[in-house]
2 protein chains.
Amino acid sequence: MAVDQLDAVFAALADPTRRAILARLAQGEANVAELAEPFPISQPAVSKHLRVLEGAGLISRAARGTARYSRLEAEPLRRADEWMQSYKRFWSESFDKLDAALAAYLREPVESHEPPVDGPVIDTPREDTP
Amino acid sequence: MAVDQLDAVFAALADPTRRAILARLAQGEANVAELAEPFPISQPAVSKHLRVLEGAGLISRAARGTARYSRLEAEPLRRADEWMQSYKRFWSESFDKLDAALAAYLREPVESHEPPVDGPVIDTPREDTP
DNA sequence: CCCTTTCGTAACCGAACGGTTTTGATAACC
DNA sequence: GGTTATCAAAACCGTTCGGTTACGAAAGGG
């Protein structure tokens, strides 16, 4: 139910054009032409993106005259962020140590009494910002 | 550069199977068979999901014997969360009041479906453009 | 040695995605 | 009333996605 919406929200956020549209709408509502202006794509393409964003609940739309104004709706973002909270401990400083200990503990029962022979079992590939 | 990685992270999170895999890995590393167990899909399908997650940097993998253990890497999640921070004010308490006031101010004779509000391009309440 | 377990890769398939061009509806302007 | 501006819908196209089946490599265990 709510999980399904997360699908749509994350899928919507996966496209850089749509994220840029959201960034634009964070500064205030805009019509389709205004939203399409920064992008080298056609107007129908932008309309499609808006339909995706609307389907994910990330924007709402209202017609005023011939124009259709889009407005940012942050509630789905709040839910997506809420989902991420469960993982925040994994990138917090305090967890790094706990994680190391826990991982070491979990590593043992897997292969009961085998000497850690071949290679580094689980190394920590720290590849920050290549 | 870094934006590209956000694409991959959000795209990876858009699939419920992959989110479930991450949830499982939050409890400790696991091999492919263990990760595949809860799902009614084939092992190669799970391998594909793992490859997507690895491509997004959300997991790292290491071989131990014939097994290949996956491990949660939360750094991309941190970056995705960081991206969301720019929008947090839109669902925060203080913004709700500001939004309500602004909406009331901008209210005009408009018939729309959801929010009965709109106006010409709003002024940015604060400047925090990503 | 063989044989099993574990897993990745390749080839394929249908559906969804992101884009296009074309067309049409509708409100606003002269 | 005719024209223009704004935008959505439809039809189409190439690519990606999520799944399958079939096969192969490689590490252990008997």
Side-chain angles (χ1 to χ4, degrees), chain A residues 4 7-21 25 29-56 59-71 110-122, chain B residues 4 7-22 25 29-56 58-71 108-113 118 120-121:
Chain A
D4 227 74
D7 287 28
V9 172
F10 282 129
L13 296 181
D15 188 282
T17 300
R18 286 193 290 262
R19 286 201 306 276
I21 289 175
L25 290 178
E29 55 180 18
N31 63 23
V32 177
E34 288 167 352
L35 292 174
E37 188 269 332
F39 307 107
I41 62 179
S42 64
Q43 166 262 313
V46 174
S47 280
K48 277 193 180 182
H49 282 306
L50 293 177
R51 200 152 53 90
V52 172
L53 289 170
E54 191 177 24
I59 66 170
S60 60
R61 296 155 97 187
R64 237 185 6 263
T66 68
R68 282 175 60 85
Y69 281 83
S70 296
R71 177 197 190 79
V110 175
E111 306 226 351
S112 48
H113 42 289
E114 284 297 311
V117 146
D118 27 59
V121 192
I122 292 285
Chain B
D4 223 75
D7 287 26
V9 172
F10 282 130
L13 295 181
D15 188 283
T17 299
R18 287 193 287 264
R19 287 200 306 276
I21 289 175
L22 290 182
L25 290 178
E29 55 180 19
N31 62 24
V32 177
E34 288 167 352
L35 291 175
E37 188 270 332
F39 307 107
I41 63 178
S42 65
Q43 167 261 314
V46 174
S47 281
K48 277 193 179 182
H49 282 305
L50 292 178
R51 200 152 56 91
V52 172
L53 289 170
E54 192 177 23
L58 285 162
I59 66 170
S60 61
R61 296 154 97 186
R64 222 167 37 246
T66 67
R68 283 175 60 85
Y69 282 83
S70 296
R71 177 198 191 78
E108 276 188 11
V110 171
E111 55 264 33
S112 64
H113 41 320
D118 292 320
V121 177

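Letters go in sequence order (proteins before strands), and every chain restarts at 1. For clarity, every value in this text was computed on a predicted model and none was experimentally measured.
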Per Arg68(B) side chain, nearest of listed nucleotides dA8(D), dG19(C), dC7(C): dC7(C)

Thr66(B) side chain, from C-beta outward: closest of dA10(D), dA5(D), dT6(C): dT6(C)

Listed nucleotide nearest any side-chain atom of Gln43(A), set dT20(C), dC7(D), dG19(C): dC7(D)

Distance (rounded to the nearest 0.5 Å) between Leu50(B) CG and Gln43(B) CD: 9.5 Å

Step-by-step side-chain contact (heavy atoms from CB on, under 4.5 Å) determination, Phe39(A) to His49(A): CA-CA 12 Å; Phe39(A) 307 107; His49(A) 282 306; over 6 Å; no

Whole-Å gap separating C1' (dT6(D)) and CD (Glu34(A)): 12 Å

Between C1' of dT5(C) and CZ of Arg64(B), the distance in whole Å: 16 Å

Ala30(B) versus Leu25(B), closest heavy-atom pair with distance: N-CD2, 3.8 Å

Selection from dC7(D), dG8(C), dG18(C) that lies nearest to any side-chain heavy atom of Ser47(B): dG8(C)

Phosphate OP1/OP2 of dA8(D) contacted by Arg51(A) side-chain N/O (<4.0 Å): no

Ile41(A) CD1 to dT20(C) C1', straight-line distance once rounded to whole Å: 11 Å

Between dG18(C) (C1') and Leu50(A) (CG): distance, integer Å: 14 Å

5'-most by nearest nucleotide on DNA chain C - Asp15(A) or Pro44(A): Asp15(A)

From Asn31(B) atom CG to Glu37(B) atom CD, the distance as rounded to the nearest 0.5 Å: 11.0 Å

Touch class at under 4.0 angstrom, heavy-atom based, for Ala45(A) against every strand present: base

Spacing of Tyr69(B) atom OH relative to dT5(C) atom C1', expressed in whole Å: 12 Å

Whole-Å gap separating P (dA11(D)) and NZ (Lys48(A)): 12 Å

Out of dT6(D), dA10(D), dC7(C), whichever nucleotide has its closest atom nearest the side chain of Ala67(A): dT6(D)

Out of dG8(C), dC7(D), dT6(D), whichever nucleotide has its closest atom nearest the side chain of Arg61(B): dG8(C)

Side chains of Ile59(B) and Leu22(B) in contact at under 4.5 Å (non-hydrogen atoms): yes

Phosphate OP1/OP2 of dC17(D): any His49(B) side-chain N/O under 4.0 Å: no

Rounded interatomic separation in angstrom, taking CD from Glu54(B) and C1' from dT9(C): 14 Å

Rounded distance in Å - CG (Asn31(A)) to P (dC7(D)): 4 Å

